[in-house]
Engineer: 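Okay, here's the structure, questions in a sec.
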Amino acid sequence: MRWTNTFIPTMKESPAEAEIVSHKLLLRAGLVRKLTGGLYTFLPAGLRALKKVEQIVREEMDRAGALEVLMPALQPPDIWEKSGRLESAQDVLFHVKDRSKKDWVLGPTHEEVITTLVAGELNSYKQLPVNFYQIQTKFRDEIRPRFGLMRAKEFIMKDAYSFDIEDESSNASYKRMYDAYGRIFARCGLRAFPVEADTGVMGGAHSHEFMVPAETGENEVVYSESGDYAANIEKATSQGPLKITPQESCSAAEKFETPNVKTIDDLTTRFDVLPEQQIKTLVYIADGKFVLLLLRGDDLLEEAKLGSFLKCALFRAATDIEIYELLGAYPGSLGAVDINKDIRILADNVLKGASGMVTGANDDGFHLKNVDIKRDIHIDDWCDLRKVKTGELCLKTGEPLKIQRAIEVGHVFKLGTKYSEALGAKVLDERGKNVPCIMGCYGIGVTRTLQAVIEQCFDENGINWPTSVAPYQVCVTALDVDEDSEVMKLASRIYDELGAKGVDVILDDRPVRPGIKFKDSELIGFPLRIGIGKRSLENGNVELKPKSDEMILCSPNETVDKALEWLEANRV
RNA sequence: CGGGAUGUAGCGUAGCCUGGUUAGCGCGCUGCACUGGGGGUGCAGAGGUCGGGAGUUCAAAUCUCCCCAUCCCGACCA
């Protein structure tokens, strides 16, 4: 491609809307343009990079034995009704109406569609295992689209669905995808690593997320230095807090006045009650019923753990007014001692055996001290609700845990039979018995992966594309664009020869000053620039300038070979 | 959904508080000249519903109200 025949609108300054470096570079390098919040147009160079990521994904999925299909984005709501997700996924579902006012949904993912397909087409265990995948546009009504392609209303995802007759082969299908994901991200030049993850609204038993470490990521990953443990913070566990919960025997609980105390911190500073000596009481509504959650004062609730324990996707914190109507007090003075109502009470494991604790008295401006959790509170269930903190010790290895922000680029789930049962994806097994398929599902955010590459690979001048996903691997920068000049003749020849060798190459034939060409090629981030100008040519030299390495000089005739050599040595 | 901030040319912004010429500047864009290996210089241009609507006023980018959009934070406070 000649630069003058394509469209790469680079910018010197970045639009104010872009906050993170990858978003700025996407815009500045002329790869995408925003239509409106969460919706982007891919421009020619951006589309090339996107297609390269897609192609890597496709090759590795094919290699892992998955079969490519393409399913509709527009879907009938009744299959969502059947799976139960019309309700549980309501927050992200886009609805549209047709001319007869019938309701449709735009697919945020395709479990329902693929399971319906399998229900209709597969009847025998002999047809299993099978894994279908597609690369398709998904629609999600995000609360807050942000960071360009990272969290968009519409995005491209690779989704795969495996169907197996029994657990063992289902695990093998899972493993095959897990391994394929490692190869995919490596080929994209990404440092991504798998972590144990919560399954969320997808349901299912077991899952891993593939994470790219980045301070701008929306997830937090808990890991041990040795790498033997890594989990999403939504799921992560530890040996417990570093400060010990008081467990000495104590006298009867006693009410005391705490005017205007609203927070854990107030109690600590004004009444000298350490946070680890307090019981924090939260009120949630899950499936329409109140639940009280007890945590130690210095702990935070991890909502995903609550959802996972209750097996409930729809829950929320109660409002102050709901809480007042329930307990007769506002947040700040809540407690679970002597509750005479039929409310389920969950307590975090850390509170086991706690005594001498302080908690709200359900009377504004009053708290209770000397609370013994076993003696004074009726706990329905003990469970893990707290968010792990940095420095706590790993259950598995005993090492201090660290926390790192990360971008989730892939997620693999063991789904079990949730969808196959709901949508009738059953086959006859060896004994002639009708059994639901055991499913797995496997997603990769393709557009997000593309941006994650940029977020991880850049310098002060622009993007540092890995050769595998760069829009063009090589930019031939001609510093004299007169078609009859020696410089341009040589540039054209090298460009043609590289193209003939299958290299993605662009010829910068713009009649602009050299500085602009150099800056642009570094901003867009072509891995290798071949600079051809009169000045170096007079000395018999052509310049090979890898984006992130020192310049190499060579003679015009060896340029193509040297470039091929460099590309080979820098294959990802 | 709650809170905060911001909307002025394609992009980045000044002006707004304290109402009053023709709304200024940088980048980009067009033309010409010079220049010609790191976003060059000069001259001449084009480009603005000052987010939208309503109001106050002799007069509104500027003050008031409503709406819209964008960005940030939060939705974990007990």
Side-chain angles (χ1 to χ4, degrees), chain A residues 9-20 23-24 27-28 30 33-39 91 141-148 216 218 220 233-234 258 260-267 275 278-284 292-306 315-320 322-324 326-327 329-336 358-362 364-365 367 385-387 461-462 477-482 485 487 508 510-523 529 531-539 541-543 545 551:
Chain A
T10 56
M11 287 185 283
K12 210 158 160 180
E13 291 170 301
S14 52
E17 75 205 30
E19 196 69 17
I20 67 174
H23 188 189
K24 289 178 181 171
L27 294 167
R28 285 190 56 209
R33 282 293 182 265
K34 183 173 77 166
L35 173 62
T36 181
L39 299 173
D91 288 348
D141 192 0
E142 294 288 349
I143 300 179
R144 179 145 85 99
R146 61 177 135 182
F147 299 152
T216 52
E218 296 183 288
E220 285 183 291
I233 197 153
E234 295 178 348
T258 52
N260 295 320
V261 166
K262 293 282 176 211
T263 64
I264 299 286
D265 200 40
D266 290 345
L267 264 179
Q278 301 182 39
I279 301 172
K280 179 190 282 194
T281 308
L282 308 178
V283 184
Y284 269 69
L292 288 194
L293 311 177
L294 308 186
L295 289 152
R296 213 174 75 170
D298 56 337
D299 278 337
L300 294 174
L301 171 67
E302 176 48 66
E303 281 197 347
K305 290 183 176 178
L306 175 63
F315 59 85
R316 63 175 174 87
T319 65
D320 286 5
E322 287 166 337
I323 291 171
Y324 187 80
L326 180 76
L327 297 174
Y330 285 105
S333 297
L334 305 179
V358 173
T359 190
N362 288 334
D364 287 329
H367 279 74
L385 294 174
R386 67 186 292 273
K387 190 178 239 174
N461 294 316
T477 302
L479 298 180
D480 179 349
V481 297
D482 180 350
S485 70
V487 165
D508 190 350
R510 293 175 299 170
V512 298
R513 301 176 67 84
I516 294 174
K517 296 191 176 204
F518 295 145
K519 287 288 183 191
D520 271 350
S521 82
E522 283 159 15
L523 173 60
R529 181 178 73 217
I532 302 168
K534 197 156 62 174
R535 192 166 298 180
S536 56
L537 210 50
E538 276 169 359
N539 300 321
N541 287 327
V542 166
E543 294 158 1
K545 174 70 180 76
M551 172 120 47

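Here is how names work: the chains are called A, B, and so on, in the same order as the sequence lines, proteins then strands, and each is numbered from 1. The structure displayed is predicted, hence computed values, not measured ones.
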Engineer: Given the C1' atoms of B:rC68 and B:rA59, what is the spacing between them in whole Å?
Structural biologist: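 Their C1' atoms lie roughly 27 Å apart.
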Engineer: Enter the distance from A:L479:CG to A:R513:CZ here, rounded to the nearest 0.5 Å.
Structural biologist: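 Here the interatomic distance stands at 11.5 Å.
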Engineer: Take the protein atom CG of A:L39 and the nucleotide atom C1' of B:rU70, then report the distance between them rounded to whole Å.
Structural biologist: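 The distance from CG of A:L39 to C1' of B:rU70 comes to 14 Å, rounded to the nearest Å.
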Engineer: If I pick the C1' atom on B:rA60 and the same atom on B:rU21, what distance separates them, to the nearest angstrom?
Structural biologist: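 Approximately 15 Å lies between the C1' atom of B:rU21 and that of B:rA60.
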Engineer: CD of A:E522 versus P of B:rG37: gap in Å, rounded?
Structural biologist: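 Checked: the CD to P distance equals 17 Å.
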Engineer: How many whole angstroms separate atom CD of A:E19 from atom C1' of B:rC72?
Structural biologist: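 For the pair A:E19 CD and B:rC72 C1', the rounded distance is 7 Å.
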Engineer: Any donor-acceptor pair under 3.5 Å joining the side chain of A:E13 to the base of B:rG26?
Structural biologist: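 In this structure, the two groups form a donor-acceptor pair.
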Engineer: Using the P atom as the point on both nucleotides, what is the distance between B:rA5 and B:rU64, in whole Å?
Structural biologist: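 Rounded to whole Å, the distance is 13 Å.
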Engineer: Kindly compute the distance separating CG (A:N260) from CG (A:D266), expressed to the nearest 0.5 Å.
Structural biologist: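 Output value for this atom pair is 8.5 Å.
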Engineer: Starting at the 5' end of nucleotides 39-45 of chain B, put B wherever the base has a protein heavy atom under 4.0 Å, S where only the sugar-phosphate does, and a dash everywhere else.
Structural biologist: BB-----
Engineer: When you compare B:rG20 with B:rG26, how far apart are their C1' atoms, in angstrom units rounded to a whole number?
Structural biologist: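 Going atom to atom, C1' in each nucleotide, I get 28 Å.
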Engineer: Determine, stepwise, if the pair A:K517 / A:V481 fulfils side-chain contact (heavy atoms from CB on, under 4.5 Å).
Structural biologist: CA-CA 12 Å; A:K517 296 191 176 204; A:V481 297; 3.5 Å; yes
Engineer: Any N or O donor-acceptor pair linking the side chain of A:E17 to the base of B:rG7 at under 3.5 Å?
Structural biologist: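 There is none.
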Engineer: Nucleotide by nucleotide, 5' to 3', does protein get under 4.0 Å of the base (B), only the sugar-phosphate (S), or neither (-) in nucleotides 73-78 of chain B, counting heavy atoms?
Structural biologist: B-BBBB
Engineer: Distance between the P atoms of B:rG42 and B:rG47, in whole angstroms?
Structural biologist: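 So the two P atoms sit 23 Å from each other.
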Engineer: With heavy atoms under 4.0 Å as the rule, sort A:K545 into base, sugar-phosphate or nothing.
Structural biologist: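 Nothing, no nucleic acid heavy atom in range.
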Engineer: Tell me what A:E538 touches on the nucleic acid: a base, only sugar-phosphate, or nothing, going by heavy atoms under 4.0 Å.
Structural biologist: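 Touches nothing.
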Engineer: To the nearest 0.5 angstrom, please state how far the CD1 atom of A:I264 sits from the CG atom of A:D299.
Structural biologist: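 Atom-to-atom, A:I264:CD1 and A:D299:CG are 10.0 Å apart.
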Engineer: Restricting to non-hydrogen atoms, name the atom on A:L334 and the atom on A:T359 that form the minimum distance, rounded to 0.1 Å.
Structural biologist: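 Of all heavy-atom pairs spanning A:L334 and A:T359, the closest is O-OG1, 3.6 Å.
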Engineer: Roughly how many Å apart are B:rA14 and B:rC43, using the C1' atom of each and rounding to a whole number?
Structural biologist: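 Roughly 25 Å separates the two C1' atoms.
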Engineer: Could you check whether the rings of A:Y330 and A:Y324 sit parallel, tilted or perpendicular, using 30° and 60° as the cut-offs?
Structural biologist: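 The rings of A:Y330 and A:Y324 lie parallel, inter-plane angle below 30°.
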Engineer: Is there a donor-acceptor contact under 3.5 Å linking the side chains of A:N539 and A:S536?
Structural biologist: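 No, no side-chain donor-acceptor pair sits under 3.5 Å.
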Engineer: Between the side chain of A:T281 and the main-chain N/O of A:L294, is any donor-acceptor distance below 3.5 Å?
Structural biologist: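 Checking the backbone N and O of A:L294 against the side chain of A:T281, no donor-acceptor pair under 3.5 Å is found.
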Engineer: Look at the side-chain N and O atoms of A:T36 and state whether any lies under 4.0 Å from the OP1 or OP2 oxygen of B:rA69.
Structural biologist: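 No, outside the criterion.
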Engineer: Could you state the atom-to-atom distance from CG of A:L35 to C1' of B:rU70 in whole Å?
Structural biologist: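 The answer, rounded to whole Å, is 14 Å.
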Engineer: Ignoring hydrogens and angles, tell me if any N or O in the side chain of A:K305 forms a donor-acceptor pair with the backbone of A:K387 under 3.5 Å.
Structural biologist: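 Looks like no, no N/O pair under 3.5 Å.
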Engineer: I'd like to check A:L300 versus A:K280 (side-chain heavy atoms, cut-off strictly below 4.5 Å). Are they in contact?
Structural biologist: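 The answer is yes; the side chains approach within 4.5 Å.
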Engineer: Tell me: CG of A:L27 to P of B:rC71, nearest whole Å?
Structural biologist: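 After rounding, the reported distance stands at 11 Å.
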Engineer: Answer yes when A:R316 and A:E322 have at least one side-chain N-carboxylate O distance shorter than 4.0 Å, and no when they do not.
Structural biologist: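 So A:R316 pairs with A:E322 through a salt bridge.
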Engineer: For the salt bridge (Lys or Arg N to Asp or Glu O under 4.0 Å) test, which of A:R510, A:R28, A:K12 pairs with A:D520?
Structural biologist: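 Testing A:D520 for a salt bridge (Lys or Arg N to Asp or Glu O under 4.0 Å) against A:R510, A:R28, A:K12 leaves exactly one candidate, A:R510.
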Engineer: Can you check whether any acceptor in the base of B:rG37 is under 3.5 Å from a donor in the side chain of A:S536, or vice versa?
Structural biologist: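 Indeed, a donor on one side and an acceptor on the other fall under 3.5 Å apart.
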Engineer: Write down the distance separating the C1' atoms in B:rU22 and B:rU18, rounded off to the nearest Å.
Structural biologist: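 About 23 Å, rounded to a whole number of Å.
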Engineer: In the structure I gave you, are the side-chain heavy atoms of A:P331 and A:I323 within less than 4.5 Å of one another anywhere?
Structural biologist: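 A side-chain contact exists here, since the closest heavy-atom pair is under 4.5 Å.
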Engineer: Between B:rU30 and B:rA69, how far is it from one P atom to the other, in whole Å?
Structural biologist: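 Approximately 35 Å lies between the P atom of B:rU30 and that of B:rA69.
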Engineer: For RNA chain B, report each stem as range with range, ordered by first number, or say none. Use Watson-Crick or G-U wobble pairs under 3.5 Å, at least 3 in a row.
Structural biologist: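 As far as RNA chain B goes, consecutive pairing (with distances under 3.5 Å) yields the stems B:1-7 with B:68-74, B:10-13 with B:24-27, B:29-34 with B:40-45, B:51-55 with B:63-67.
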Engineer: Quick one: A:H23 NE2 to B:rU70 P, roughly how many Å, whole number?
Structural biologist: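 Checked: the NE2 to P distance equals 12 Å.
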